[in-house]
K.L.:
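Structure provided below as structure tokens; questions to follow.
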Amino acid sequence: MPAPSTPRVNELDIAIGGRLLRTACLRDEYYTALPDPAAMVAALKAARVGADLFTFVQELDDREPHFPYVRELDDMAVLPVTTYKHWFDKQIRFKPRNKLKKAIKLGVQVRPVEFDDELLHGIMTIYNETRLRQGKANWHYGKDLETLRREHASFADRSEFIGAYFERELIGFAKITHSANYSIIMNIVAKVAHRDKSPTNALIAKAVECVAERRIPLLNFGVWGRRGLNEFKVANAFERFSVPRYHVPLTLRGELALKLGLHRSLKDRLPEHWIVAAANLRDRINQRRYREEPQAAATPTEPRVQQTSLESGVGH
């Protein structure tokens, strides 16, 4: 598939992809609000950007449909946040609670960190630990420092980084991007070699703590996946939030495709058991290909303590 083009329309970056059916969306649609969809549709048509359809999603905190376009639903994994104490005592399950306690007991410390060269070098060692993560090729493997700096500098004015450390070594990190009414875990990765210390559990806990301190009511942890991919999210109290997604034709071809349901990807149309079988086959092929290296678990993300401060070990 050709790489998406990225024109700028109405001061917003637009990503356009696809072959037979070209579809446009906001380049960072889950992180960038679209204040006036009708104005964007008109501007896209006038700019002749080469797209047949425009798709956009409402913001996470607004699940009531408002626009007169063809509508479907995006399913997101979202944690309603009140306080860290409530999350730890009332929301998460027994297993992640014990893993959080274990992380503290083994000496994992989690704290906010500055976005600087030291952090980037640490992130590079995490990415370069293995060529394979969750059964797929690790596309961050081998990237140079400047590429990582550019990729991780997005939304710098409203993002924070959290680092998980063991004996001064960065063994995991998370990037949390905030808006007024919700926050998003934009990235979370931990070293495979330290999986026994549950660093990702500790990072999730610190993310919840940071969001609660900001009094932000929702924390998003990506999409709500298919069967078998959500156990970790459910155990940590993330819920399925269905948010309206709209599709707007920009050309006659787009209008016809929308009527025939051709705007949906092949993956969305296949039976779930076919997708699971294909993913399992992919995992086996990749594991053979990269079998000489330690592999990250082929689960949604490595599991992300007692209600304690992850930075100091002192209870709240």
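Note that the structure is predicted; figures quoted are calculated from it, not measured. Residue numbers count from 1 along this sequence.
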K.L.:
Checking W87 against N236 for the side chain to side chain contact (heavy atoms under 4.5 Å, CB included) test, could you report, in this order, the C-alpha distance in whole Å, the side-chain angles of both residues, the deciding distance, and whether it holds?
P.N.:
CA-CA 9 Å; W87 173 76; N236 282 276; 3.9 Å; yes
K.L.:
Start with the C-alpha gap between K102 and D196, add the side-chain angles, then the distance that decides, and say whether salt bridge (Lys or Arg N to Asp or Glu O under 4.0 Å) holds.
P.N.:
CA-CA 9 Å; K102 179 183 178 182; D196 62 314; 5.8 Å; no
K.L.:
For Q58 and Y246, which I'm curious about, is there any donor-acceptor pair between the side chains at under 3.5 Å?
P.N.:
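Note: Q58 and Y246 side chains meet the donor-acceptor criterion.
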K.L.:
R245 and E29: side chain to side chain contact (heavy atoms under 4.5 Å, CB included), yes or no, with the steps?
P.N.:
CA-CA 11 Å; R245 170 176 289 281; E29 62 176 1; 2.6 Å; yes
K.L.:
Does the side chain of H194 pick up a donor-acceptor pair with the side chain of K197 at under 3.5 Å?
P.N.:
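Side chains of H194 and K197: pair found under 3.5 Å.
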K.L.:
So that I can tick it off, tell me whether R214 and E160 are bridged by a salt bridge, with the cut-off set at under 4.0 angstrom between side-chain N and carboxylate O.
P.N.:
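A salt bridge is present here (some side-chain N lies under 4.0 Å from a carboxylate O).
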K.L.:
Using the side chain to side chain contact (heavy atoms under 4.5 Å, CB included) rule, take L218 and F241 through it: C-alpha gap first, then chi angles, then the decisive distance, then the call.
P.N.:
CA-CA 11 Å; L218 300 172; F241 270 42; 3.9 Å; yes
K.L.:
So which heavy atom on A235 is nearest to which on P96, and how close?
P.N.:
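Closest approach of A235 to P96: O-CG, 3.3 Å.
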K.L.:
Tell me whether L20 at atom CG has more than 12 heavy atoms from other residues, nucleotides or ligands lying less than 6.0 Å away.
P.N.:
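Open: at most 12 neighbouring heavy atoms sit under 6.0 Å from CG of L20.
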K.L.:
Would you mind telling me which of I184, N187, I185, V208 makes a side-chain contact (heavy atoms from CB on, under 4.5 Å) with I176?
P.N.:
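Output: one option passes, namely I185.
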K.L.:
Rounded at 0.5 Å granularity, tell me how far CG in D62 sits from OH in Y182.
P.N.:
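The OH atom of Y182 is 10.0 Å from CG of D62, to the nearest 0.5 Å.
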K.L.:
Are D28 and F155 packed together at the side-chain level, in the sense that at least one heavy-atom pair is separated by less than 4.5 angstrom?
P.N.:
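They are in contact (side-chain heavy atoms under 4.5 Å apart), so the answer is yes.
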K.L.:
Give a yes or no on whether R253 atom CZ has more than 12 heavy-atom contacts from other residues, nucleotides or ligands under 6.0 Å away.
P.N.:
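Counting other residues, nucleotides and ligands, CZ of R253 stays at 12 neighbours or fewer.
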K.L.:
May I ask you to say whether R150 pairs ionically with E146, meaning some side-chain N is under 4.0 Å from a carboxylate O?
P.N.:
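No.
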K.L.:
As an exercise, state the distance from CZ of F54 to CG of L26, rounded to the nearest 0.5 Å.
P.N.:
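CG of L26 is found 5.0 Å from CZ of F54.
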K.L.:
Within a 6.0 Å radius of atom CZ on R71, are there more than 12 heavy atoms belonging to other residues, nucleotides or ligands?
P.N.:
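No, CZ of R71 has 12 or fewer neighbouring heavy atoms, counting only those of other groups under 6.0 Å.
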K.L.:
Would you say that V81 contacts I216 through its side chain, given a criterion of any heavy-atom pair below 4.5 Å between the two side chains?
P.N.:
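Side chain of V81 against side chain of I216, heavy atoms only: no contact under 4.5 Å found.
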K.L.:
How close do I171 and I126 get, counting heavy atoms only, and between which atoms?
P.N.:
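Nearest pair, atom of I171 first, then I126: C-CD1, 4.0 Å.
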K.L.:
Can you find a pair of side-chain heavy atoms, one from V223 and one from D74, that are under 4.5 Å apart?
P.N.:
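No; the side chains remain at least 4.5 Å from each other.
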K.L.:
Does CD in E118 sit with more than 12 non-hydrogen atoms of other residues, nucleotides or ligands closer than 6.0 Å?
P.N.:
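No - once you tally the heavy atoms of other residues, nucleotides and ligands closer than 6.0 Å, there are 12 at most.
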K.L.:
Which word best sums up how the rings of F56 and Y69 line up, parallel for under 30°, tilted for 30 to 60°, or perpendicular for over 60°?
P.N.:
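Ring orientation of F56 relative to Y69: perpendicular.
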